[in-house]
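A quick write-up on the structure given underneath.
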Number of protein chains: 2
Amino acid sequence: MIELEPLTADFFGPHCPVPALPITGGAKWSWKIMRCLEAGPRRFSELKVPLRGITAKVLAETLRAMERDGVLTRTAHDENPPRVEYELTPLGRSLFGPMDAACAWGREHLADLLAAREAYEQGEREVA
Amino acid sequence: MIELEPLTADFFGPHCPVPALPITGGAKWSWKIMRCLEAGPRRFSELKVPLRGITAKVLAETLRAMERDGVLTRTAHDENPPRVEYELTPLGRSLFGPMDAACAWGREHLADLLAAREAYEQGEREVA
DNA sequence: CTGTATCCTCATTGATACTG
DNA sequence: CAGTATCAATGAGGATACAG
């Protein structure tokens with residue numbers, strides 16, 4: 001199970017670590033899962049396909065962690081074949097606020113980032 | 001060296017993964033380093049002490065990665081004993097925007113998060 | 001003081017096989 | 001279909017020693 005740091009009252013204070021967001025536990029996939037669920041509920045297999053490369057094991061673990069943190073709900077329909085649907089909670093949807101802020105930052109500063117990397121590699125070449 | 005996913009033009013689009021922010025590479029420490037540098041330049045040892053538990057190796061690696069991404073500068077003064085100062089760039093400072101947004105989200109929804117975890121553990125106890 | 005060089009451990013992830 | 005169980009691989013991170 002993906003563990004987060006313990007939550008204390010001042011956890012989100014001035015020295016808040018990254019793992020503030022529930023989605024940063026298992027960050028590699030949870031962010032993408034959020035986007036897959038943005039348009040509405042999805043089944044296990046409907047998540048697994050677009051998340052190319054994820055294994056059932058990791059997907060299940062990540063979904064459990066997100067359920068534990070209250071960002072999505074898991075609904076198992078009693079049918080055959082079985083059908084399980086995952087849906088974002090209002091709490092989960094509220095995460096799009098900071099997520100979009102991060103994406104906006106990225107788009108805004110993409111040129112700076114690319115320039116910084118190029119400059120850095122340039123410096124490496126000069127040393128070599 | 002901490003590697004980030006390759007940057008493409010649409011990297012920060014609707015399906016932007018978490019690693020959008022340079023600070024999410026080596027996330028365990030880089031977020032805290034940002035906060036340590038928020039008030040002004042700091043020396044290597046002035047970072048190492050407040051970041052209790054970090055080793056010189058990991059601190060050096062993380063600082064290099066952040067330098068590569070253009071969020072801070074490294075200035076080695078030619079003295080004895082050596083003195084090296086790290087300082088945030090304007091690009092680095094701009095990261096406080098999304099970082100503060102994330103922290104604000106956390107403070108705003110702390111009660112929801114704690115309630116969700118309690119409910120989840122409650123469910124586990126009922127199963128057992 | 002500010003690192004680098006090795007070696008090592010542990011957790012996350014991946015691969016594969018299997019089940020209700 | 002929607003997982004779980006098991007084992008293997010990978011890599012960030014830590015311990016320690018040493019160098020400029």
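So you know, we letter chains A, B, ... as the sequences are listed, proteins then strands, and number each from 1.
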Look at the side chain of [X] and decide which nucleotide, out of [options], has an atom nearest to it.
X       : options               : result
A:Val58 : C:dG14, D:dG14, D:dT4 : C:dG14
B:Tyr86 : C:dT2, C:dG3, D:dG3   : C:dG3
B:Ala60 : D:dC1, C:dG3, D:dG13  : C:dG3
B:Pro82 : D:dC1, C:dT2, C:dG3   : C:dT2

Rounded to the Å, how far apart are [X] [atom1] and [N] [atom2]?
X       : N      : atom1 : atom2 : answer
B:Arg83 : C:dG3  : CZ    : P     : 13 Å
A:Ile54 : C:dG14 : CD1   : P     : 7 Å
B:Leu47 : C:dG3  : CG    : P     : 10 Å
B:Leu59 : D:dT16 : CG    : P     : 18 Å
B:Asp78 : C:dG3  : CG    : P     : 13 Å
A:Leu51 : C:dG14 : CG    : P     : 11 Å
B:His77 : C:dT2  : NE2   : C1'   : 13 Å

First encountered from the 5' end of DNA chain C, between A:Ala56 and B:Ser45: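 First, find each residue's nearest nucleotide; the 5'-ward one identifies B:Ser45.
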Closest contact, heavy atoms only, A:Lys48 versus A:Ala56: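 Smallest heavy-atom distance, with atoms named: CE-N, 3.5 Å.
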Close side-chain approach of [X] and [Y], heavy atoms under 4.5 Å:
X        : Y       : answer
B:Asp112 : A:Thr89 : no
B:Asp69  : B:Leu91 : no
A:Leu88  : A:Phe96 : yes
B:Tyr120 : A:Arg64 : yes

Looking only at side-chain N and O atoms, does [X] come under 4.0 Å of OP1 or OP2 in [N]?
X       : N     : value
A:Arg64 : D:dA2 : no
B:Arg74 : C:dT2 : no
A:Arg43 : D:dC1 : no

Do A:Lys57 and D:dG3 have a side chain to base donor-acceptor pair shorter than 3.5 Å?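 Such a pair does not exist between side chain and base.
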